[in-house]
Colleague: 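Here it is: the structure, laid out below.
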Amino acid sequence: EVLRSGTWSCSGGGGPVAQFEEGYAKLLGAKRCVAMASGTTSLITSMHVFGVDAGDEVITSPYTFIATYNTILMLRALPVFADTDPASLTMDPASIESRITDRTRAIVPVHIYGMPCDMDPINAIAKKHDLAVVEDACQAWLAEYKGKKCGTLGDMGCFSFQNSKHITSGEGGAVNSNDPDLIDRCT
């Protein structure tokens, strides 16, 4: 019935997708959310919004699902791996700054197994060097860092609804942000 009524649309129309976007943003404490085809699509879209392109570098974690660095490669950029903190299995913020070059455009921290990255120093480094922060929160729904949900701590947060995730739609994803201009550029 939803398909026949013509209310199935992303980012508007008041249909089920728009209802999901509104509800998911509210659940996370984000201003806006856009449904995507997958977590991979959410990562590609987010980095594209920040202009990541051929020859650029993106600092990320080596301990992640292959999609994280494949999305960087799909944009013809180079993944640069930060060290992994052995206690949390997430990106070690102390290793980021030494990897920044004049070609670095973004940092993609990966919250893995529900374990949040140490986002305060990551965001401080990004701000100091004018870099985007795109959180890969595909494996950290509702995980919290200092009282805020993962995926709402950087410039944009990316989520996956693939079969192995907490809530599944078979496949699907979402991007959220507290910056309406960034979300508008995702649609």
Side-chain angles (χ1 to χ4, degrees), residues 28-34 36 39-141 143-146 148-160 173-179 181-183 185-186:
L28 296 173
K31 288 186 180 173
R32 299 260 314 276
C33 172
V34 174
M36 297 275 160
T40 300
T41 305
S42 68
L43 287 163
I44 292 168
T45 302
S46 295
M47 285 186 276
H48 179 74
V49 162
F50 288 109
V52 174
D53 202 355
D56 291 340
E57 295 176 353
V58 176
I59 298 172
T60 192
S61 173
Y63 191 66
T64 184
F65 182 65
I66 192 170
T68 307
Y69 50 85
N70 274 351
T71 58
I72 298 166
L73 293 168
M74 290 173 71
L75 291 167
R76 302 168 299 159
L78 180 67
V80 175
F81 296 117
D83 290 339
T84 301
D85 176 346
S88 67
L89 302 178
T90 62
M91 178 184 286
D92 181 356
S95 70
I96 294 172
E97 212 156 8
S98 67
R99 287 158 169 85
I100 296 173
T101 71
D102 60 345
R103 297 184 316 182
T104 307
R105 297 292 171 260
I107 301 172
V108 179
V110 180
H111 309 293
I112 196 131
Y113 303 131
M115 299 291 296
C117 294
D118 190 3
M119 291 301 295
D120 286 347
I122 292 171
N123 284 329
I125 292 166
K127 184 175 181 176
K128 177 181 176 183
H129 295 277
D130 195 27
L131 302 173
V133 177
V134 176
E135 293 175 79
D136 181 336
C138 292
Q139 294 189 31
W141 291 33
E144 292 188 7
Y145 174 82
K146 298 185 177 182
K148 294 176 92 178
K149 303 279 190 293
C150 288
T152 66
L153 304 161
D155 296 304
M156 299 183 92
C158 301
F159 296 89
S160 172
V175 173
N176 67 270
S177 180
N178 287 317
D179 184 332
D181 293 333
L182 292 176
I183 286 294
R185 293 175 60 199
C186 290

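Model, not experiment: these values are computed from the prediction.
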Colleague: Mind checking what makes side chain to side chain donor-acceptor pair (under 3.5 Å) contact with Asp179, not counting sequence neighbours?
Modeller: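 Partners of Asp179 under the side chain to side chain donor-acceptor pair (under 3.5 Å) test: none.
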
Colleague: Given the rule in the side-chain contact (heavy atoms from CB on, under 4.5 Å) test, do Ser61 and Ile112 qualify, once you have shown the distances and angles that lead to the verdict?
Modeller: CA-CA 10 Å; Ser61 173; Ile112 196 131; over 6 Å; no

Colleague: With heavy-atom distances below 4.5 Å as the criterion, would you say the side chains of Thr104 and Val80 are in contact?
Modeller: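 A side-chain contact under 4.5 Å is absent here.
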
Colleague: Of all residues at least two apart in sequence or in a different chain, which pass the side chain to side chain donor-acceptor pair (under 3.5 Å) check with Asp56?
Modeller: Arg105

Colleague: About how many Å separate CG of Leu182 and OG of Ser177, when rounded to the nearest 0.5 Å?
Modeller: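 One finds 4.5 Å between OG of Ser177 and CG of Leu182.
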
Colleague: Could you measure the distance from the CD atom of Glu144 to the OG1 atom of Thr152? Nearest 0.5 Å is fine.
Modeller: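 The CD atom of Glu144 sits 9.0 Å away from the OG1 atom of Thr152.
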
Colleague: Using 0.5 Å steps for rounding, measure from the CD1 atom of Ile44 to the CE atom of Met36.
Modeller: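 The CD1 atom of Ile44 sits 10.5 Å away from the CE atom of Met36.
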
Colleague: Of all the heavy-atom pairs spanning Ala140 and Cys150, show the shortest one and how long it is.
Modeller: O-CB, 3.8 Å

Colleague: Can you name the side chain to side chain donor-acceptor pair (under 3.5 Å) partners of Thr64, sequence neighbours left out?
Modeller: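 Thr64 satisfies side chain to side chain donor-acceptor pair (under 3.5 Å) with Thr68 only.
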
Colleague: Will you find, in the side chains of Gln139 and His111, an N or O donor that is under 3.5 Å from an N or O acceptor?
Modeller: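 Absent: no donor and acceptor within the cut-off.
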
Colleague: Tell me if a side-chain donor or acceptor on Trp141 pairs with a main-chain N or O of Phe159 at a distance below 3.5 Å.
Modeller: no

Colleague: Is the closest side-chain heavy-atom distance between Asp53 and Leu75 below 4.5 Å?
Modeller: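 Side-chain contact under 4.5 Å: no.
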
Colleague: Please name all residues satisfying side chain to side chain contact (heavy atoms under 4.5 Å, CB included) with Asp118, sequence neighbours left out, ordered by chain then number.
Modeller: Pro93, Pro121, Tyr145

Colleague: Scan Val108, Ile59, Asn70, Leu73 and name whichever one has a side chain to side chain contact (heavy atoms under 4.5 Å, CB included) with Pro79.
Modeller: Leu73

Colleague: Side chains of Asp136 and Phe65: closer than 4.5 Å at any heavy-atom pair?
Modeller: no

Colleague: Does any non-hydrogen side-chain atom of Asn176 lie less than 4.5 Å from one of Arg32?
Modeller: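 No, side chains not in contact.
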
Colleague: For Leu131 and Phe50, run side-chain contact (heavy atoms from CB on, under 4.5 Å): C-alpha distance rounded to whole Å, both residues' side-chain angles, the deciding distance at 0.1 Å, then the answer.
Modeller: CA-CA 9 Å; Leu131 302 173; Phe50 288 109; over 6 Å; no

Colleague: Report the residues that fulfil side chain to side chain contact (heavy atoms under 4.5 Å, CB included) with Asn123, sequence neighbours left out, ordered by chain and then residue number.
Modeller: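 Met119, Val133.
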
Colleague: Restricting to salt bridge (charged side-chain N to carboxylate O under 4.0 Å, His left out), what partner residues turn up for Arg185, sequence neighbours left out?
Modeller: none

Colleague: Looking at every non-hydrogen atom in both residues, tell me the closest pair between Ala82 and Pro62 and how far apart they are.
Modeller: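 Closest approach of Ala82 to Pro62: O-CD, 3.1 Å.
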
Colleague: Applying salt bridge (charged side-chain N to carboxylate O under 4.0 Å, His left out), can you list everything that pairs with Lys128, at least two apart in sequence or on another chain?
Modeller: Glu97

Colleague: Residues in salt bridge (charged side-chain N to carboxylate O under 4.0 Å, His left out) with Asp83, at least two apart?
Modeller: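 Asp83: salt bridge (charged side-chain N to carboxylate O under 4.0 Å, His left out) contacts with Arg99.
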
Colleague: Test of understanding: with side chain to side chain donor-acceptor pair (under 3.5 Å), list the residues that count as partners of Thr84, not counting sequence neighbours.
Modeller: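 By the side chain to side chain donor-acceptor pair (under 3.5 Å) rule, Thr84 matches no residue at all.
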
Colleague: Kindly compute the distance separating CG (Leu43) from CD (Glu135), expressed to the nearest 0.5 Å.
Modeller: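 Separation between the atoms: 11.0 Å.
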
Colleague: Take Ile122 and Cys117 through the test side-chain contact (heavy atoms from CB on, under 4.5 Å) and record every step on the way to the result.
Modeller: CA-CA 8 Å; Ile122 292 171; Cys117 294; 3.9 Å; yes

Colleague: Go through the structure and list residues passing side chain to side chain contact (heavy atoms under 4.5 Å, CB included) with Ser46, not counting sequence neighbours.
Modeller: Val134, Met156, Cys158, Val175

Colleague: Filter on ring-ring contact (aromatic ring centres under 6.0 Å, His included), then keep only pairs touching residues 77-102, sequence neighbours left out; what's left?
Modeller: Tyr69-Phe81

Colleague: Rounded to the nearest 0.5 Å, what separation is found between the CD1 atom of Ile96 and the CD1 atom of Ile125?
Modeller: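 If I round to the nearest 0.5 Å, the distance is 4.5 Å.
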
Colleague: Could you pull out all residues at least two apart from Asp85 that satisfy side chain to side chain contact (heavy atoms under 4.5 Å, CB included)?
Modeller: Ala87, Ser88, Asp92

Colleague: Between OG1 of Thr60 and CG of Leu78, what distance do you get to the nearest 0.5 Å?
Modeller: 11.5 Å

